[in-house]
Amino acid sequence: MSNMEKLVAIYREVLKKPDLELKPELTARDVDNWDSLAHVQIIVEVEKKFGVEFDLDDFLAIRNVGDFFKLLQRYGVEL
Amino acid sequence: MFNGNYPKLQLLNEIFIEKYPFMGSTINNGFTAFGKTWAVEVEELLAAMFATNQQLTKAVDGYVRFAMDVTRRQSRFDDACEYPQKSFNQVADEVYLNDEYMERYYLPGLLLSHMLWPHHYRQSRFFTATFLRDMEVMGAKEFVDAGVGTGFLSRLTLAACPDITGVGFDVSPASKKFAELQVANYKLLDRYQCKLLNLCTQPTKVETDWLISAEVLEHLEDPLSFLQRLRVILRPGGKGFITAALNAAEIDHIYLYRNPIEVQDQLIEAGFTIEQYQSIPAYKPRKINIPTPEVVAFIVT
């Protein structure tokens, strides 16, 4: 499974949207289950899966999925 | 939802939606759960504490950072079911005596959580409907708030009882300053004093018939000793409102209470009699065997 496939699986699992397409412009406004708890669950699951630990200020700056892609790359995760 | 009636609340909603979309449903959820009374209280609080748009935006930034830090710690707690080992002095250095952290994140975060976290808001309504109502009916003349935090309950008490005077204690200079600011912004400071004091280690001769101590026990290494001191401060025949957070993994929570009975047993061991209690979970349990954070409040004599 590629890193992108792992990431998609995490989003689908946490947001309970098995058909979710992970486009860079996607935001929490577009998905009804995407509240602060889900947001943190995504972050924590990604941290576990990819062995990284994000600075709190870094993940607060995420506005959409594209921002998260860039953040992951900054932390050394190839997508 | 707003109809031009709640400009500050509307701005708060817009900041959430624009800047923190994962918080975008917060205000709508509050309105749906608690209605106009809640909206009026939030509007008043925002107007009193964050008069300019810049102040409100800064407070929201602090709140979101505070809330997300709590949520991430809680998510890690789900695996370990233990708080990380810390001493009170470590937490004091990291949090209570760290003015920048307190002023930017902790105090605005905690203050807004009283209105925006349903379990915190429900607890303040319990306080108002029971303890504060008794104070009003009995014509309470003075109270002590042991661990003022943001000064939220001190302020509610002073506002509800026009003849009362109060004394608050806290270990944090930033808390003292913030509590005094809140009380002053509601024009109640002429009846209130806030003092820097660690009630666990520093002696005081203060006594009261009406004692408040909210969100303190879980911050201590030895909450039973603290409760024994509170028992001495509360005069015989007096009444106390004492709360604790359970299974809530926050940056400054040291003592892990896993259920309300553990708090109740310490209260009884310290010499209090339980008159009433209410326990409120932060949210619906998500999984079996993963504890849900909750707040528990006791009215004691």
Side-chain angles (χ1 to χ4, degrees), chain A residues 6-18 20-72 74-77, chain B residues 13-30 32-33 57-58 60-80 94 100-101 104-106 109 112-113 116-119 248-251 281-287 290 292-293:
Chain A
K6 289 177 190 169
L7 191 59
V8 171
I10 289 169
Y11 270 85
R12 287 177 174 174
E13 167 79 18
V14 172
L15 298 175
K16 299 181 174 58
K17 301 280 181 193
L20 184 76
E21 284 189 51
L22 215 51
K23 296 175 181 169
E25 62 274 18
L26 189 75
T27 79
R29 281 190 287 274
D30 306 316
V31 184
D32 51 9
N33 294 336
W34 193 340
D35 59 10
S36 56
L37 276 179
H39 193 70
V40 169
Q41 273 182 283
I42 291 167
I43 301 290
V44 169
E45 289 304 314
V46 167
E47 287 180 329
K48 283 182 194 166
K49 187 71 81 180
F50 295 107
V52 293
E53 186 170 341
F54 300 112
D55 185 90
L56 195 57
D57 290 323
D58 281 340
F59 84 72
L60 286 177
I62 298 169
R63 298 283 173 268
N64 57 33
V65 167
D67 286 346
F68 198 27
F69 290 165
K70 287 178 199 160
L71 181 64
L72 276 166
R74 263 182 50 209
Y75 277 77
V77 177
Chain B
N13 189 50
E14 286 165 7
I15 297 169
F16 278 142
I17 289 170
E18 287 305 314
K19 209 168 172 185
Y20 303 106
F22 48 87
M23 296 268 186
S25 60
T26 304
I27 302 305
N28 191 45
N29 291 346
T32 304
T57 303
K58 205 172 156 190
V60 175
D61 289 342
Y63 166 76
V64 173
R65 197 179 193 282
F66 174 82
M68 297 306 279
D69 181 55
V70 168
T71 312
R72 181 154 78 162
R73 287 174 194 276
Q74 193 66 35
S75 193
R76 290 173 177 164
F77 176 80
D78 287 351
D79 293 331
E94 190 180 3
E100 190 196 355
Y101 184 83
R104 283 186 67 184
Y105 309 120
Y106 189 93
L112 289 175
S113 83
L116 302 181
W117 294 5
H119 63 307
E250 299 184 19
I251 185 171
Y283 41 74
K284 290 176 189 168
R286 285 177 291 174
K287 288 179 186 170
I290 293 184
T292 304

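Small disclaimer: the values here were computed from a predicted structure and weren't measured. Chain A is the first sequence line, chain B the second, and so forth, proteins listed ahead of strands; every chain is numbered from 1.
- Within the 3.5 Å criterion, the main-chain N or O of Asp57(A) finds no donor-acceptor partner in the side chain of Arg65(B).
- Around the CD atom of Glu21(A), the shell of radius 6.0 Å holds no more than 12 heavy atoms that belong to other residues, nucleotides or ligands.
- The side-chain contact (heavy atoms from CB on, under 4.5 Å) with Arg72(B) is formed by just one residue from the set Gln41(A), Glu47(A), His39(A); it is Glu47(A).
- Atom NZ of Lys6(A) sits in a crowded spot, with more than 12 heavy atoms from other residues, nucleotides or ligands closer than 6.0 Å.
- More than 12 heavy atoms of other residues, nucleotides or ligands sit less than 6.0 Å from atom NZ of Lys48(A).
- The candidate from Leu37(A), Asp32(A), Ile62(A) with the greatest count of non-hydrogen atom pairs under 4.5 Å with chain B is Leu37(A).
- Within 6.0 Å of NZ in Lys17(A) there are more than 12 heavy atoms belonging to other residues, nucleotides or ligands.
- Glu14(B) CD: more than 12 foreign heavy atoms inside a 6.0 Å radius.
- Both the backbone and the side chain of Thr71(B) come within less than 4.5 Å of a heavy atom in chain A.
- Atoms OG and CG, on Ser25(B) and Asn33(A) in that order, are 10.5 Å from each other to the nearest 0.5 Å.
- Both tests pass for Arg63(A) against the ring of Tyr20(B): distance under 6.0 Å to the centre and angle within 45° of the axis.
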